There are 2 protein chains.
Amino acid sequence: MTPNKEDFIKAIYELGGHEQVVSNKALVKALSISAASVTEMNTRLLKEGLITHLPYQGVQLTDKGLRIANQLIRKHRIWEVFLAEKLGYDWNEVHKDADLLEHVSSDFLIERLNVFLGEPTFDPHGGVIPNKDGTITEIDSTPLIECTVDDQFKIQEVDDQEEFLEYLLYKNVQLGKKYTLVDVEPYDGPLTLEAVDGERTIIGHKAAFKILVDKNV
Amino acid sequence: MTPNKEDFIKAIYELGGHEQVVSNKALVKALSISAASVTEMNTRLLKEGLITHLPYQGVQLTDKGLRIANQLIRKHRIWEVFLAEKLGYDWNEVHKDADLLEHVSSDFLIERLNVFLGEPTFDPHGGVIPNKDGTITEIDSTPLIECTVDDQFKIQEVDDQEEFLEYLLYKNVQLGKKYTLVDVEPYDGPLTLEAVDGERTIIGHKAAFKILVDKNV
DNA sequence: TCTATTTTTTAGTCTACCCTAAAAATATTT
DNA sequence: AAATATTTTTAGGGTAGACTAAAAAATAGA
């Protein structure tokens, strides 16, 4: 395993590669590499049994590939917790450094770090940390876009793109905070959230796809 | 900068490459790569102005190369402190993981980590942590091999090879502990140390080169 | 259905590493 | 000083990962 292969596996996973087929095009975009490089990497990972490949359609993770993806995400998220809680990183700053650290972390290191952090369940943007054995404890959450007016919920998890986290910081949307959806404008218009303290926040239509909420308030 | 180049620069430094010329042979041994690979890496680093090269003699670090070496050692040693103090690694376990982590650590990360650790001065085997600007605060220490019978001292710094640290652990030689040198056998024979509690330890001649002591007790 | 566009693959290069084997230069021994 | 041994360099190859440009396949539109 090399850092590049690991990033590739992780990208496939994040594009839904366990259930669906992921196109080369999506990987080109996600990894910012050429289409030729994607084809090439596909053949390498295919040879190692980490993916299945349907020519001209795309790739899917095998169970072996999925296990590796989950291990990587575990490492990534444990590092994110460390950076945010111990080193005082903002939640939009953790991603880049965690992405580098995850590739050089032995299992020994990660387990020690996990204990040091008190065996956390979530990372700083609400992502569930996969278990040591590669399994995931599922959390009951709904994309905000699927909510209707008057729904009450708390913010469970948000997309971890640096730019998006900055946007949420600017909009003062916080993890764990309770809101009521008071308005959804038609024609993909903005959504208005009202916090328990009465503060209102208006967020864009597309942002509502990147926010997962817990309706069991 | 790549991890390989960084390791190469660090190896030159550790072989005394700031003052003396370091031979290819020494680098072959230190890095466990072929002589041809050393020559090749030399030409790469020469082109980047990190070393000077005298054909058939060896290489030396430029000021630029030295600065990079010190930054790396700073990163390495700060990680060692973290692994030992926060994650409970034994002093012989820290080296391998620190060697990986040092190559993926941004300056931002290292400075945060440094503050989190309380701005330590020494790493777990007594090595001085270089300053942020690449300078080093020199410590007054003497190789144990240069001591004579009846000298009193405390252990200041020891070589950080995993195997050697295991040996010291077995011999119960501890950093900061005070000893008197009570015997040195001739013909490169063993040395006998006596701790303040009367406990005696006999160590091999070659080990005395790898231990630095502070005679100002 | 046929054309046009998009996507994927193939072909050919490039760089950073690494290697072995042989040649050249330096050091050592006799 | 010559022969031998050691060290360094050169020559030629290999792999992983990236690229561009062109060919092939699939999809979309008229």
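Throughout, a chain's letter reflects where its sequence line sits, starting with A, and its residues are numbered from 1. Model, not experiment: these values are computed from the prediction.
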Separation of [X] atom [atom1] from [N] atom [atom2], in whole Å?
X	N	atom1	atom2	answer
A:F8	D:dA16	CZ	C1'	14 Å
A:I33	D:dG17	CD1	P	10 Å
A:K5	D:dT15	NZ	P	13 Å
A:H103	D:dG17	NE2	C1'	14 Å
A:N24	D:dC19	CG	P	13 Å
A:K29	C:dT8	NZ	P	13 Å
A:D7	D:dG17	CG	C1'	13 Å

With [X], the side-chain contact (heavy atoms from CB on, under 4.5 Å) member among [options]:
X	options	value
A:E80	A:H125, A:E85, A:E102	A:H125
A:W79	A:L117, A:I110, A:D97, A:V94	A:I110
A:I12	A:D7, A:L61, A:L31	A:L61

Looking only at side-chain N and O atoms, does [X] come under 4.0 Å of OP1 or OP2 in [N]?
X	N	value
A:S34	D:dA18	no
A:S23	C:dT7	no
A:N4	D:dA16	no

Could you check whether any side-chain heavy atom of A:L45 comes within less than 4.5 Å of a side-chain heavy atom of A:H53, counting everything from C-beta outward?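 Side chain of A:L45 against side chain of A:H53, heavy atoms only: no contact under 4.5 Å found.
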For residues A:D99 and A:K10, determine if any side-chain heavy atom of one lies less than 4.5 Å from a side-chain heavy atom of the other.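 A:D99 vs A:K10: side chains touch.
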When the ring planes of A:Y167 and A:F164 are compared, do they come out parallel, tilted or perpendicular, using 30° and 60° as the limits?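 Taking A:F164 first and then A:Y167, their aromatic rings lie parallel (interplane angle under 30°).
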Look at the aromatic rings of A:F82 and B:F82 and report parallel, tilted or perpendicular, splitting at 30° and 60°.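 Plane angle between 30° and 60°, so tilted.
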Would you say A:T2 and A:N4 are linked by a side-chain donor-acceptor pair, where the criterion is simply a distance under 3.5 Å?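 No, A:T2 and A:N4 have no side-chain donor paired with an acceptor closer than 3.5 Å.
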Hey, are A:D123 and A:H76 close enough side-chain-wise for a donor-acceptor pair under 3.5 Å?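 Looking only at side-chain atoms, A:D123 and A:H76 do not form any donor-acceptor pair under 3.5 Å.
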Each nucleotide N or O in nucleotides 1-3 of chain C that has a protein N or O under 3.5 Å away: list the pair and distance.
none

Mind listing the residues from residues 36-60 of chain B sitting with a heavy atom below 4.0 Å of DNA chain C? Number order is fine.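 Those residues are B:A36, B:S37, B:E40, B:R44, B:Y56.
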